[in-house]
Protein chains: 2
Amino acid sequence: MKKTIATIRDVAAAAGVSNATVSKFVNGTQRFSPAVEARLTSVIEQLGYRSNPMAQSMITGRTKAIGLSVLDITNPHYASVVKGASRVAQDHGYTLLLVDTEETPERERHLLETLSRRVDGLIVYTRTPEAELDWLMALGRPAVYFGRPQRINLPSVASDDELGAFMVTRHLLSQGHQRVGYMGFSRSLRDRERMAGVREALAAQGLELTVFNAEAPSASAGEKLCSSIVLGRQPLDALVCFNDLLALGFMKAAQVLGFKVPDDISVVGFDNIQFGHFSCPGLTSVDLHSERMGAAAMRKLLATIDGQEAEPLTVIDAQLVLRASTAVRN
Amino acid sequence: MKKTIATIRDVAAAAGVSNATVSKFVNGTQRFSPAVEARLTSVIEQLGYRSNPMAQSMITGRTKAIGLSVLDITNPHYASVVKGASRVAQDHGYTLLLVDTEETPERERHLLETLSRRVDGLIVYTRTPEAELDWLMALGRPAVYFGRPQRINLPSVASDDELGAFMVTRHLLSQGHQRVGYMGFSRSLRDRERMAGVREALAAQGLELTVFNAEAPSASAGEKLCSSIVLGRQPLDALVCFNDLLALGFMKAAQVLGFKVPDDISVVGFDNIQFGHFSCPGLTSVDLHSERMGAAAMRKLLATIDGQEAEPLTVIDAQLVLRASTAVRN
DNA sequence: TTGAAAGCGCTAACAA
DNA sequence: TTGTTAGCGCTTTCAA
């Protein structure tokens, strides 16, 4: 009863045609006589034949799979990126190979090099500086990059970090905040842009920025940094955090230390992860539209694979989402 | 300068050996004379030869890839499961094919059937009742199932939902809660067990359980259900939620409605997602060790693929994590 | 220790 | 519309 899996030859034999015919039929490459069509349909049904994707890939050179690497899948921002990419991939009949690099650059390269042979294209979310990314190009696979590449020539999707930072800072200023701090994460390639946006808005008012740097883009890093900020020598009215995770951690710790947000200090983050809605106070955030970023990257990659000329850089707009962690200061 | 990718034949030719020799060398299947070894090493290095995984898979029937399907990657519980599975896979040289079924059963089957030919094994997190899962067995691939299968014969990994529910309920009772409610999500296969655990603890004290059912395992569903619970006819001391997302949503809405947690009502959830720590009050939760579940499933699958006889069911223990959403009631 | 030969399951010219 | 014929890049007997 246990029959070995049916191959194209089994089908051809059973239907009394050549396997080329079966191949063409299965792939809908051609029209057929009703007789053959009927026989093939029924035989395939009967044998439960499904073409072997490996054999197919080997010969066509296309795998119908896309490799996606992110830095940490448990960070809701990346989870959303994956969501968006996954949805588009599925809609186009592509499979997603996920790589969680866990913020480990050494892993990243090796994993991606291995992966590259098994996929039609790559989407890469990395912290590795462009200067060290030549191997990515050398892979010879279509790839989409998250960020604004200067040096490497890869189609990219970026959030409008600088504008987002500028916007939220202007908002803070309009609320009467004067002494603004930035809790950055310098290892991120986005850190610079966000800081620049904040600085720019501040500079327009002749204000200086106080900068702190977190050791990780995580809530616990935000918690750790809190005391040195709220109890430090430079009192702050407002703190712009590199991301929501840091902001959440900071707020929690601040509260433990007896500081009230936003009464004592306003806090904002980036990414607008859903959990910013459930902290208290709710977290004001710059929505970078993570899911849309993932979807846009996948669409772009698929277009490139299709031979279409995709625009080099897609910028997803940022949007300020106001919640209770910021308030008017008198 | 643009050279096409090197094949095993190129290497064989350049090194003056047969491609069988190259194959054996690359796979370390055999020992070689120093001369051959040296030549091969240098030629491979020079040509940058890497064996084509597709061709390899086609012939050996092994892909070194595992398919993992989850219900919603933006739910931190699943993100953690993926994290755990991904880590173990990477450590063993396996690649992860991720499927986000988005809670859509129709998608699930099709995606998994497609996937099954490209992977050596499958890990499936599903809501589909076992009775409708015969196709999964028919795929003929090693598979690991999340849950406690009754009917189908698949190695599985399960959390100890019933015990976890029992524990947290006993805790609530010991704090003096009497009128306990359960916000369930009946579509989940885990819902029954959690409810049973709560019921059992309550029954020991002769208490009844009030049950509500959410339309989704999400924060917004929790928000929606809130008013009918806190403003309903049956006042509650405590609410056990199917998961942390529901609990978070509920708490937020309760607060908006002017109810205080835990003063007016204690709230607990399941999964112990990290964001339960940042809500306020912090959310008491049953930690099901999501990441460990993912890792355990992957380990089990890999063992099965390796031909080892894995135990049929691995149960990951539950642990109560106390935070401020529960308090002694007088 | 090495190589020759026979495929794995499929597609892609090209003929018929 | 259908079939023939070559492989794709690799592994695997089996013989040398």
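Atom set for the values below is all heavy atoms of this structure, side chains included, hydrogens, waters and symmetry mates excluded. To find a chain, count down the sequence lines: A is the first, B the second, and so on, and within it residues start at 1.
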Strictly by modelled atom types, are [X] and [Y] linked by a side-chain donor-acceptor pair under 3.5 Å?
X: B:Asn27; Y: B:Thr29; value: no
X: B:Thr104; Y: B:Thr101; value: no
X: A:Lys64; Y: A:Thr95; value: no
X: B:Glu108; Y: B:Ser69; value: no
X: A:Ser86; Y: B:Asp100; value: no

For atom [atom1] of [X] and atom [atom2] of [N], their distance in whole Å:
X: A:Arg39; N: D:dT1; atom1: CZ; atom2: P; answer: 15 Å
X: A:Lys64; N: C:dC10; atom1: NZ; atom2: P; answer: 18 Å
X: A:Arg62; N: C:dA12; atom1: CZ; atom2: C1'; answer: 16 Å

- By salt bridge (Lys or Arg N to Asp or Glu O under 4.0 Å) - contacts of A:Glu291 (at least two apart):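 By the salt bridge (Lys or Arg N to Asp or Glu O under 4.0 Å) rule, A:Glu291 matches A:Arg87.
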- Through what angle, rounded to 10 degrees, does the axis of the helix from C:dT1-D:dA16 to C:dA16-D:dT1 turn between its ends, using five pairs per end?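 Rounded value for the end-axis angle: 30°.
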- Task: Looking only at side-chain atoms of B:Arg31, point me to the closest of D:dG3, C:dT2, C:dT1.
- Result: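 Of D:dG3, C:dT2, C:dT1, C:dT1 is nearest to the side chain of B:Arg31.
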- Note on the structure: Once base and sugar-phosphate atoms are separated, protein heavy atoms under 4.0 Å mark nucleotides 8-16 of chain D, 5' to 3', with B, S and - as BBBBB----
- The single option from A:Thr126, A:Val81, A:Leu71, A:Val124 passing side chain to side chain contact (heavy atoms under 4.5 Å, CB included) against A:Phe146: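 Answer after filtering A:Thr126, A:Val81, A:Leu71, A:Val124: A:Val81.
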- A:Phe185 to A:Pro217 - nearest heavy-atom pair and separation: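 Heavy-atom minimum between the residues: CZ-CD, 3.6 Å.
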